[in-house]
Amino acid sequence: MTLRRRIFSLIGVKNFRDMGGYTSSDGRVMRWGHIFRSGHLSDLTDECGMEMLARDIETVIDFRSDREKERHMVHWPKSWIPDYHSISIGGNAAAWIQELYAKLSQTYFPAQELRDQFLLAFRTIPLENKKGLKKFFTTLIDEHKGNAMLFHCTAGKDRTGIAAALLMHALNISKEQIMEDFLLTNKAVDLEESAEKIAVWLSRKAGRAIDASAVHPLVGVEADFLEESYTTIRTEFGSIDNYLETELGLSTDRRQKLQNLFLQ
């Protein structure tokens, strides 16, 4: 029942889901219908807009780079024009993947290199994007209007996955539940079907057969990815709690305010 409540099939928006229902260490629960995560909104339809309006989503936080936003522009439907916040968060994998596409016809498909690039991205995003992640939390707290909020990147799994994990940690959600939410991408996007489609497309581009399992990092996530972020944060800052406080501006009072907004 919880899984069905959490993931929504919405034509025009991939990996769209409600983060409600997870339980904090003090017994409170993340509010249903209050904080959502997704992939990009560039294929919004009028029906999507009506769905967002019905869910009372008033604030949108977009982690994509300027280049990504130019390549996939958002045209807000008349039915839904939210309060929009652009908070660019970079990652090493995105640029490398573009290079991969460009040279694919001349080289083999470097499956291990692809996975390594995603591991590198998860190591570096918490270090190189502290300003953006701090702004993310500032927006959640200070721009909260009582309506629902949505944050997203392009696929809604890497940058969005790290931000979601940090948010849930700040709300004192257990590591097991955080990982459950992180890995839910693989169900939300139907990992095997999506990987097969990408593999077929890449095979045509490369002129040779590429196995679907080799492209999993492009469409899904692995537990090891998020663990890379955890390891980096603990190595550099001692603990995730210390990172949230010293780098992302979540003092005891600010963290309490965040918890009061998103827990019930």
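Just so we're clear, the structure is a prediction, and the values are computed from it rather than from any experiment.
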Peer 1: Is there a salt bridge (charged side-chain N to carboxylate O under 4.0 Å, His left out) between E236 and K130? Walk through the geometry before answering.
Peer 2: CA-CA 12 Å; E236 296 294 326; K130 292 179 290 185; over 6 Å; no

Peer 1: May I ask you to say whether D18 pairs ionically with R37, meaning some side-chain N is under 4.0 Å from a carboxylate O?
Peer 2: no

Peer 1: With sequence neighbours excluded, tell me which residues meet side chain to side chain donor-acceptor pair (under 3.5 Å) with R254.
Peer 2: D142

Peer 1: Hey, are the side chains of L226 and I178 touching, using non-hydrogen atoms and a 4.5 Å cut-off?
Peer 2: yes

Peer 1: Do N15 and K157 have side chains that get closer than 4.5 Å, going by heavy atoms?
Peer 2: yes

Peer 1: Please determine if K145 and D83 form a salt bridge, counting it only when a charged side-chain N lies under 4.0 Å from a carboxylate O.
Peer 2: yes

Peer 1: Any sub-3.5 Å donor-acceptor pair from R17's side-chain atoms to R6's backbone N or O?
Peer 2: no

Peer 1: Measure the spacing between CZ of R71 and OG of S42 and express it to the nearest 0.5 Å.
Peer 2: 10.0 Å

Peer 1: Got a second to check how far I35's CD1 is from L261's CG, nearest 0.5 Å?
Peer 2: 10.0 Å

Peer 1: Output the distance between atom CZ (R208) and atom CG (L202), rounded to the nearest 0.5 Å.
Peer 2: 11.0 Å

Peer 1: Atom CD1 of I240 and atom CG of L248: how far apart are they, to the nearest 0.5 Å?
Peer 2: 11.0 Å

Peer 1: Strictly below 4.0 Å, N to O, side chains only: are E245 and R255 in salt-bridge contact?
Peer 2: no

Peer 1: Could you pull out the closest heavy-atom pair between S79 and L53, with the gap in Å?
Peer 2: O-CD2, 3.5 Å

Peer 1: Under the ring pair (Phe, Tyr, Trp, His ring centres under 6.0 Å) rule, what pairs show up with a residue in residues 233-256, not counting sequence neighbours?
Peer 2: F237-Y243

Peer 1: Report yes if the side chains of V60 and H152 come closer than 4.5 Å at any heavy-atom pair, otherwise no.
Peer 2: yes

Peer 1: Start with the C-alpha gap between M73 and H40, add the side-chain angles, then the distance that decides, and say whether side-chain contact (heavy atoms from CB on, under 4.5 Å) holds.
Peer 2: CA-CA 9 Å; M73 294 182 65; H40 70 78; over 6 Å; no

Peer 1: State whether the side chain of S239 and the backbone N or O of R234 hold a donor-acceptor pair below 3.5 Å, judged by distance alone.
Peer 2: no

Peer 1: F137: which residues meet the ring pair (Phe, Tyr, Trp, His ring centres under 6.0 Å) condition with it, sequence neighbours left out?
Peer 2: none

Peer 1: Hey, is the main chain of M149 close enough, under 3.5 Å, to the side chain of T59 for a donor-acceptor pair?
Peer 2: no

Peer 1: Please report the closest heavy-atom contact between S229 and P126, naming both atoms and the distance.
Peer 2: OG-CG, 3.8 Å

Peer 1: Could you verify whether a donor N or O on one side chain and an acceptor N or O on the other, from D241 and H169, lie under 3.5 Å apart?
Peer 2: yes

Peer 1: Give the intermediate values and the outcome of side-chain contact (heavy atoms from CB on, under 4.5 Å) for residues M168 and M30.
Peer 2: CA-CA 9 Å; M168 293 175 76; M30 288 184 70; 4.2 Å; yes

Peer 1: Would you kindly say whether D26 and S24 are connected by a side-chain donor-acceptor distance under 3.5 Å?
Peer 2: yes

Peer 1: Using only heavy-atom distances, determine whether the side chains of S38 and K14 contain a donor-acceptor pair under 3.5 Å.
Peer 2: no

Peer 1: Is it the case that R64 and S86 place a side-chain donor and acceptor less than 3.5 Å from each other?
Peer 2: no

Peer 1: Identify the heavy atoms of L258 and A170 that sit nearest to each other, and give their distance.
Peer 2: CD2-CB, 3.7 Å

Peer 1: Taking L166 as the starting point, is it possible to reach F225 by hopping between hydrophobic residues whose side chains are less than 4.5 Å apart?
Peer 2: yes

Peer 1: On a heavy-atom basis, which atom in P217 and which in F118 lie closest, and how many Å separate them?
Peer 2: O-CZ, 3.2 Å

Peer 1: When you look at NZ of K69, are more than 12 heavy atoms from neighbouring residues, nucleotides or ligands closer to it than 6.0 Å?
Peer 2: yes

Peer 1: Tell me, please, which residues at least two apart from D190 pass side chain to side chain donor-acceptor pair (under 3.5 Å).
Peer 2: none

Peer 1: If Ile, Leu, Val, Met, Phe, Trp and Tyr residues are connected whenever their side-chain heavy atoms lie under 4.5 Å apart, and connections chain through other members, are L183 and V189 in the same group?
Peer 2: no

Peer 1: At their closest point, which heavy atom of C48 faces which heavy atom of V13, and how far apart are they?
Peer 2: SG-CG2, 4.1 Å

Peer 1: Give the cluster check for F16 versus Y84: same hydrophobic cluster or not, with ILVMFWY residues linked at side-chain heavy-atom distances below 4.5 Å.
Peer 2: yes

Peer 1: So do the side chains of F8 and F36 get within less than 4.5 Å of each other, counting heavy atoms only?
Peer 2: yes

Peer 1: Please assess L263 against V29 for the test side-chain contact (heavy atoms from CB on, under 4.5 Å), listing each intermediate value before the final yes or no.
Peer 2: CA-CA 5 Å; L263 297 174; V29 177; over 6 Å; no

Peer 1: Is there a side-chain contact (heavy atoms from CB on, under 4.5 Å) between E222 and R115 once you walk through the steps?
Peer 2: CA-CA 10 Å; E222 301 176 23; R115 185 175 184 274; 2.8 Å; yes

Peer 1: What's the spacing between M52 CE and L10 CG if we round to 0.5 Å?
Peer 2: 5.5 Å

Peer 1: For I81, is the CD1 atom crowded, meaning more than 12 foreign heavy atoms sit under 6.0 Å from it?
Peer 2: yes

Peer 1: When you measure from the side chain of K135 to the backbone of I87, do you find a donor-acceptor pair of N or O atoms at a distance under 3.5 Å?
Peer 2: no

Peer 1: Taking atom types as modelled, find out whether D181 and Q177 have a side-chain donor-acceptor pair closer than 3.5 angstrom.
Peer 2: no

Peer 1: What residues form a ring pair (Phe, Tyr, Trp, His ring centres under 6.0 Å) with Y22, not counting sequence neighbours?
Peer 2: none

Peer 1: Where the side chain of N129 meets the backbone of I125, is there a donor-acceptor pair that is under 3.5 Å apart?
Peer 2: yes

Peer 1: Given the rule in the side chain to side chain donor-acceptor pair (under 3.5 Å) test, do N260 and R28 qualify, once you have shown the distances and angles that lead to the verdict?
Peer 2: CA-CA 10 Å; N260 291 339; R28 289 187 289 173; 3.1 Å; yes

Peer 1: Salt bridge check: are K197 and E192 linked by an N-O gap of less than 4.0 Å?
Peer 2: no

Peer 1: Cluster question for you: counting only ILVMFWY and a side-chain heavy-atom cut-off of under 4.5 Å, with indirect links fine, are L184 and Y230 together?
Peer 2: yes

Peer 1: Answer whether the closest heavy-atom distance between the side chains of K257 and Q259 falls below 4.5 Å.
Peer 2: no

Peer 1: Are F63 and F136 an aromatic pair, judged by ring center distance below 6.0 Å?
Peer 2: yes

Peer 1: Is there a path of hydrophobic side-chain contacts, each under 4.5 Å between heavy atoms, that joins W201 and L218?
Peer 2: yes

Peer 1: Output all residues satisfying ring pair (Phe, Tyr, Trp, His ring centres under 6.0 Å) with H34, sequence neighbours left out; order by chain, then residue number.
Peer 2: H144, F262

Peer 1: Which atom pair, heavy atoms only, marks the closest approach of L44 to P77?
Peer 2: CD1-CD, 3.9 Å

Peer 1: Taking 4.0 angstrom as the limit, do E247 and K131 come out as a salt bridge?
Peer 2: no

Peer 1: When you measure from the side chain of W80 to the backbone of I57, do you find a donor-acceptor pair of N or O atoms at a distance under 3.5 Å?
Peer 2: yes

Peer 1: Going from OG1 on T160 to CG on D62, what distance comes out if it is rounded to the nearest 0.5 angstrom?
Peer 2: 9.0 Å

Peer 1: Looking only at the side chains, is there a donor atom on one of E228 and T231 sitting less than 3.5 Å from an acceptor on the other?
Peer 2: no

